[in-house]
Amino acid sequence: MISGLGSSISSMASSLFARLDTKSQGYIEKTDLQSAFEQISGASDADEIFSALDGDSDGKLTESELTSSLTKLAEELDNQFNAMRMSGAMAGMGGPGAAGGMPPPPPPQDDEGFTQDELSAQLEEIGSTDSKRSSLISSIVENFDQADTDGNGKVSHSEAMAFEQESGTGGSDSTQASGNNEFAVMLRMMQLAQAYGAFGQSTETASVSEVA
């Protein structure tokens, strides 16, 4: 998706900037972005998007800032997608990178597992130093009967892995939220670029009215 854009980000940003800089000021203001979004969708979420793109927060978005910000967003999203693919591959091999990039709490050597009280004690020891692992253990404690599939009163390493896979636990909420925000900004800017014919279409023939 994002990874397929590559070097076209730069040309797209340059073309889009030329269309948005209607006053030929050499920069775009938030009102310019707001007007553009309102034309193509009737709604504007320009505040958050402009803030994400305006690197020095001076209220003026230059062509260089737009290009570098979109390039950075694309690279960050690429890294996230690659990490997700790698995590999935590790999970398929049963490796320690399974589902979320962190292994479940280490079980005893004989893999007998931990009781609910033992897991609670581990959770207190970990605290906030390892958010991914503490998130998983906390979820297992709260859903102990579900995680304890064999009903022996203990959750083993394999049971913890199975629970993590099933519930999707272990990810960082803040990281996911950040990724979602980055994706939303990039998606909206790509929609705007498409509406303004900034993906290589002729500047003479492309217009907002044709796609609105």
Side-chain angles (χ1 to χ4, degrees), residues 1-89 99-102 131-132 135 168-203 205-212:
M1 189 182 301
I2 298 298
S3 58
L5 291 177
S7 60
S8 66
I9 287 287
S10 179
S11 59
M12 179 199 79
S14 178
S15 183
L16 180 59
F17 181 86
R19 288 159 172 76
L20 294 178
D21 184 19
T22 57
K23 305 169 190 174
S24 299
Q25 300 178 113
Y27 59 85
I28 301 168
E29 296 176 303
K30 187 188 299 181
T31 53
D32 298 318
L33 197 61
Q34 183 173 341
S35 296
F37 281 127
E38 287 175 349
Q39 286 187 64
I40 68 169
S41 64
S44 173
D45 45 3
D47 286 351
E48 181 179 348
I49 294 175
F50 191 87
S51 296
L53 299 174
D54 184 15
D56 56 9
S57 303
D58 65 349
K60 298 178 181 179
L61 180 60
T62 64
E63 181 178 343
S64 176
E65 280 181 315
L66 179 61
T67 301
S68 61
S69 294
L70 289 179
T71 300
K72 182 179 179 182
L73 282 173
E75 290 174 350
E76 289 175 351
L77 289 170
D78 259 350
N79 290 336
Q80 290 177 25
F81 292 145
N82 288 335
M84 288 168 62
R85 286 194 291 266
M86 180 62 69
S87 177
M102 288 296 293
S131 60
K132 290 183 178 181
S135 175
T169 325
S172 168
D173 292 339
S174 60
T175 300
Q176 291 172 3
S178 174
N180 289 339
N181 289 339
E182 290 166 353
F183 181 76
V185 170
M186 179 60 79
L187 179 61
R188 290 291 280 152
M189 291 305 293
M190 288 176 67
Q191 290 171 341
L192 192 62
Q194 183 178 21
Y196 273 77
F199 278 119
Q201 296 94 327
S202 170
T203 57
T205 57
S207 69
V208 177
S209 60
E210 292 173 356
V211 293

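Along the sequence shown, residues carry numbers from 1.
Shown here for G197 and S15, the closest heavy-atom pair between the two residues is O-OG, 4.2 Å. When all heavy atoms of F37 and R188 are compared, the pair lying nearest together is CD2-NH2, 3.4 Å. Shown here for D21 and G26, the closest heavy-atom pair between the two residues is OD2-N, 2.9 Å. Nearest heavy atom pair, residue L16 against residue M189, reads CD2-CE, 3.6 Å. The shortest heavy-atom contact between K30 and F50 is N-CE1, 3.4 Å. The two residues I49 and V185 have their closest heavy-atom pair at CG2-CG1, 4.2 Å.
At least one side-chain heavy atom of K23 sits under 4.5 Å from a side-chain heavy atom of E29. L20 has its side chain within reach of L192: a pair of non-hydrogen atoms, C-beta onward, lies under 4.5 Å apart.
Rounding to the nearest 0.5 angstrom, the gap separating the CZ atom in F17 from the CG atom in L66 is 7.5 Å. With rounding to the nearest 0.5 angstrom, the CG atom of L53 is 8.5 Å from the CE atom of M186.
Side-chain atoms of S35 come within 3.5 Å of backbone N or O of T31 as a donor-acceptor pair.
For residues 50-71, no residue pair satisfies the salt bridge (Lys or Arg N to Asp or Glu O under 4.0 Å) rule, not counting sequence neighbours.
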